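A quick note: this is a predicted structure, and the numbers were derived from the prediction, not measured.
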Amino acid sequence: MIKLGDYNKLKITKRVDFGLYLDGNDEGEILLPKRYTTPGMHIGDEIDVFIYLDQDDRVVATTEAPLAKINEFAWLEVAWVNQYGAFLKWGPMKDLFCPFREQKQRMVQGNHYIVYVKEDEESHRLMATAKVDKYIEHLTADFSVTHAAYKHGVAARCLIWQKTDLGFKAIVDNKYQGQLYDNQIFQPLRTGDRLTAYIDHIRQDGKIDLTLQPTGRQHTLDFAEVLLRYLHENDGHCDLNDKSPAELIADRFKVSKKAYKKAVGDLYRRRIITITEEGIKLV
């Protein structure tokens with residue numbers, strides 16, 4: 001079956017002046033317009049294309065990559081607004097419709113919003129909704145199964161969702177809700193940023209506490225080498241020790257005080273540095 005709003009591998013069946021026709025099985029022939037074809041495409045080849053509906057609700061293919069597929073979250077800009085809703089730029093030539101009923105607040109042309117791409121149950125067209133909360137899943141209490149891929153220190157793909165009093169909410173792996181706390185953030189963040197974060201803790205409510213820095217022994221070793229390089233480049237001295245304020249450490253090295261103390265301890269145990277009230281210095 002053809003997956004609308006997703007990538008499909010389809011066979012080229014015919015070449016015409018205005019493009020290529022692809023075998024859409026039950027959907028019949030699907031056009032890949034000429035603007036997306038290349039000389040390397042030949043009849044009989046199977047190619048990966050994204051399938052959506054054009055302005056006339058015809059199934060059409062494109063090699064353009066959308067900013068989000070069906071059942072994914074994205075940070076999209078409003079291209080224009082009419083009496084029915086907003087139309088969002090999402091990659092393909094046809095903008096993605098978000099009706100007023102699916103908006104948490106009236107969308108404004110030129111502004112960006114976090115939305116979820118889904119299929120309209122009535123028209124079966126692709127559409128966006130800004131009511132993303134209902135599409136966020138929660139990890140279950142069965143830690144042995146659900147949490148197997150979300151152990152402490154595991155990397156996860158995150159979309160920054162919204163600012164809170166505690167820090168930032170994030171959407172983890174396009175599925176779960178995560179939280180980045182202010183005291184774990186050592187770089188500028190804003191809604192719509194996509195980045196890699198690391199699992200810190202799974203809460204009993206199924207939400208995920210995140211950190212922007214890798215954890216564990218390897219991270220300590222990696223930052224210890226960064227700190228050692230800093231010492232070599234600054235006459236063997238750093239005026240921050242393991243008792244210095246976390247804000248000063250974060251401002252200079254973009255790491256937490258905990259990570260800094262671990263690296264200092266590692267260098268000290270290796271007898272590379274000494275620790276004084278004025279900071280640390282190379283032996």
Could you list the residues that satisfy ring pair (Phe, Tyr, Trp, His ring centres under 6.0 Å) with [X], not counting sequence neighbours?
X: Y230; answer: F253
X: F97; answer: F87
X: Y116; answer: F73, Y135

Is the backbone N or O of [Y] less than 3.5 Å from a side-chain atom of [X], with the two atoms forming a donor-acceptor pair by type?
X: R15; Y: M41; value: yes
X: D266; Y: R269; value: no
X: Q103; Y: C98; value: yes
X: Q162; Y: F168; value: no
X: D120; Y: E122; value: yes
X: N241; Y: T276; value: yes
X: N234; Y: L231; value: no

What closest approach, in Å, do [X] and [Y] show between heavy atoms, and which atom pair accounts for it?
X: V81; Y: F100; result: CG1-CZ, 4.3 Å
X: D133; Y: K104; result: OD1-NZ, 3.4 Å
X: A197; Y: L212; result: CB-CD2, 4.3 Å
X: L228; Y: L267; result: N-CD1, 4.3 Å
X: F50; Y: E64; result: CB-O, 4.1 Å

Heavy-atom side-chain contact between [X] and [Y] under 4.5 Å:
X: T13; Y: I43; value: no
X: Q105; Y: Y113; value: yes
X: V264; Y: I280; value: yes
X: I114; Y: T191; value: yes
X: C238; Y: R252; value: yes
X: V115; Y: E102; value: no
X: I272; Y: V283; value: no
X: D23; Y: E29; value: no

Would you say [X] has more than 12 foreign heavy atoms packed within less than 6.0 Å of its [atom1]?
X: K175; atom1: NZ; value: no
X: Y84; atom1: OH; value: no
X: D235; atom1: CG; value: no

_Side-chain hydrophobic cluster, 4.5 Å single linkage: members besides L166_ =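 Reading the cluster by chain and number, L166 sits alongside Y181.
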*Rest of the hydrophobic cluster containing M127 (Ile/Leu/Val/Met/Phe/Trp/Tyr, side-chain heavy atoms under 4.5 Å)?*
none
Partners of [X] by side chain to side chain contact (heavy atoms under 4.5 Å, CB included), sequence neighbours excluded?
X: A170; answer: C158, I160, L210
X: R229; answer: V226, E233
X: Q177; answer: I136, W161, K169, K207
X: A61; answer: L22, I30, L32, V49, I51

*Just jot down the salt bridge (Lys or Arg N to Asp or Glu O under 4.0 Å) partners of E46, sequence neighbours excluded, or say none.*
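For E46 there are no salt bridge (Lys or Arg N to Asp or Glu O under 4.0 Å) partners, ignoring immediate neighbours.
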*Considering residues at least two apart in sequence or located in another chain, which fulfil the salt bridge (Lys or Arg N to Asp or Glu O under 4.0 Å) criterion with D54?*
R58
*So how far is it from T129 OG1 to R101 CZ, rounded to the nearest 0.5 Å?*
9.0 Å
_Distance, nearest 0.5 Å, that separates NZ of K14 from CG of L20_ = 11.5 Å
_Side-chain H-bond candidate by donor/acceptor type, W90 with D95, under 3.5 Å_ = no
*Do we get K34 above F18's six-membered ring, with its NZ or CZ under 6.0 Å from the centre and within 45° of the axis?*
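No, cation not above the ring by the 6.0 Å, 45° rule.
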Listed pairs under 3.5 Å, donor-acceptor, residues 2-12 side chains, sequence neighbours left out:
unit_1, atom_1, unit_2, atom_2, d
N8, OD1, K3, N, 2.9
N8, ND2, K3, O, 3.0
N8, ND2, D6, O, 3.0

